[in-house]
Amino acid sequence: MNTGEYIKKLRKEFNITQEELGKRLGVKRAAVNKWEIGTVKNIKKVHLKKMSEIFNVPLSSFFEDEYLSYDNIISFPKMNRVPLVGTIACGTPILANENLEGEVTVPEDVNADFALRCKGDSMIDARIMNGDIVYIRQQPTVENGEIAAVLIDEEATLKRVYLTNNTITLVACNSKYQPFVYSGEELNQIRILGKAVGFTSTII
């Protein structure tokens, strides 16, 4: 849904005519109509801010593609840098220098501690493709069904995790792969590195 369609949706939900909305914003009805049909895309921020107050929604909800675009200016969110983990060196902590490929940027509100580059097609049904960067918040456990980075015999993998008292099941997001189930002493091979909290796709 683009910005114009979103404005129209909100206006309809609040039962406000284009003319009424225009009056509240100090613009003509024709201007509101042009926004909604997409003739005018660069809506002034002052008008978007006022609409966020009228409709009681976050200002950011009016913007597409996770960045602000108005008056020919693009304002990106504040970014942090986190380490990009490559091959896991045997026996070393996950963020040891031996394991790192470099750093990648991530919006500061994502709250990630490190990132992994996804390999293969086992997570494609979660829209995570080969080569995508997945951001991980470091934690020793996750809720059932959450996607996590898991260390199996010094190799990091990304899977949905299901836990019981005696087993851990790792499920790919691709039906051609069977789940991996570990129990008993096999659990000593498994360590949850952290929860996946976002990803950057390399597919345009």
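Nothing fancy with the numbering, it's 1 onward along the sequence.
Tyr177 belongs to no multi-residue hydrophobic cluster, having no ILVMFWY side-chain contact under 4.5 Å with any other such residue. Annotation for Tyr162: hydrophobic cluster partners, listed by chain and number, are Val171 (ILVMFWY side-chain heavy atoms under 4.5 Å, direct or chained). Residue Ile168 shares its hydrophobic cluster (ILVMFWY side chains chained together at separations under 4.5 Å) with Val142, Val150, Ile152, Val161, Leu163, Leu170, Phe180, Tyr182, Leu187, Ile190, Ile192.
Counting heavy atoms from C-beta on, the side chains of Met51 and Leu21 come closer than 4.5 Å. Between Arg24 and Ile16 there is a side-chain heavy-atom pair separated by less than 4.5 Å. Taking 4.5 Å as the limit, every side-chain heavy atom of Leu100 sits out of range of all side-chain heavy atoms of Phe114. Using a 4.5 Å heavy-atom cutoff, the side chains of Val134 and Ile136 are in contact. Looking at heavy atoms from C-beta onward, Glu36 lies in side-chain contact with Gln18 at the 4.5 angstrom threshold. With contacts defined as side-chain heavy-atom distances shorter than 4.5 Å, the pair Met123/Ile147 qualifies. Two residues are said to be in side-chain contact when any heavy atoms from C-beta on lie closer than 4.5 Å; Ile133 and Leu116 fail this criterion.
Remark: Lys8 NZ is loosely packed, at most 12 non-hydrogen atoms of other residues, nucleotides or ligands lying under 6.0 Å away. Surrounding CG of Asn15 are at most 12 heavy atoms belonging to other residues, nucleotides or ligands under 6.0 Å away. Summarising the local packing, CG of Asn144 is surrounded by more than 12 heavy atoms from other residues, nucleotides or ligands at distances under 6.0 Å.
The closest donor-acceptor contact from the side chain of Tyr135 to the backbone of Asp113 lies at 3.5 Å or more, if one exists at all. At least one donor-acceptor pair under 3.5 Å links the side chain of Asn130 to the backbone N or O of Gly120.
Atom CD1 of Ile7 sits about 9.0 Å away from atom CG of Asn2, to the nearest 0.5 Å. Atom-to-atom distance recorded for Arg160:CZ and Thr169:OG1 is 14.0 Å, nearest 0.5 angstrom. Asp132 contributes atom CG, which lies 11.5 Å from atom CD1 of Ile124 (distance to the nearest 0.5 angstrom). Distance NZ/Lys12 to OG1/Thr17: 10.0 Å, rounded to 0.5 Å. Separation of atoms NZ (Lys159) and CG (Asn174) is listed at 9.5 Å; rounding is to 0.5 Å. Rounding to the nearest 0.5 Å gives a distance of 7.5 Å between OG1 of Thr141 and CD of Gln139.
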Verdict with reasoning, Met129 to Cys118, per side-chain contact (heavy atoms from CB on, under 4.5 Å): CA-CA 7 Å; Met129 307 296 180; Cys118 188; over 6 Å; no
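In this structure Glu103 satisfies the side chain to side chain contact (heavy atoms under 4.5 Å, CB included) test together with Arg81, sequence neighbours excluded. Residues passing the side-chain hydrogen bond (donor to acceptor under 3.5 Å, both in side chains) test with Glu186: none are found, sequence neighbours excluded. Scored by the side chain to side chain contact (heavy atoms under 4.5 Å, CB included) test, Asp125 finds Cys173 as partners (sequence neighbours excluded). In this view, Glu53 and Lys49, Lys50 satisfy the side chain to side chain contact (heavy atoms under 4.5 Å, CB included) rule, not counting sequence neighbours. Every residue meeting the side-chain hydrogen bond (donor to acceptor under 3.5 Å, both in side chains) condition with Glu13, not counting sequence neighbours, appears here in chain and number order: Lys9. Every residue meeting the side chain to side chain contact (heavy atoms under 4.5 Å, CB included) condition with Arg127, not counting sequence neighbours, appears here in chain and number order: Phe199. Judged as a side-chain hydrogen bond (donor to acceptor under 3.5 Å, both in side chains), and not counting sequence neighbours, the contacts of Lys195 are Glu146.
Side-chain heavy atoms closer than 4.5 Å link hydrophobic residues (I, L, V, M, F, W, Y) into clusters, and following such links, possibly through other members, connects Val32 to Val57.
Listed by first then second residue, pairs satisfying salt bridge (charged side-chain N to carboxylate O under 4.0 Å, His left out) with a partner in residues 164-184 read Asp121-Lys176, not counting sequence neighbours. Within the structure, ring pair (Phe, Tyr, Trp, His ring centres under 6.0 Å) pairs that include any residue of residues 28-56 comprise Phe14-Phe55, Trp35-His47 (at least two apart or interchain).
What you find for Ser122 and Ala172 is that their closest heavy atoms are O-CB, 3.4 Å.
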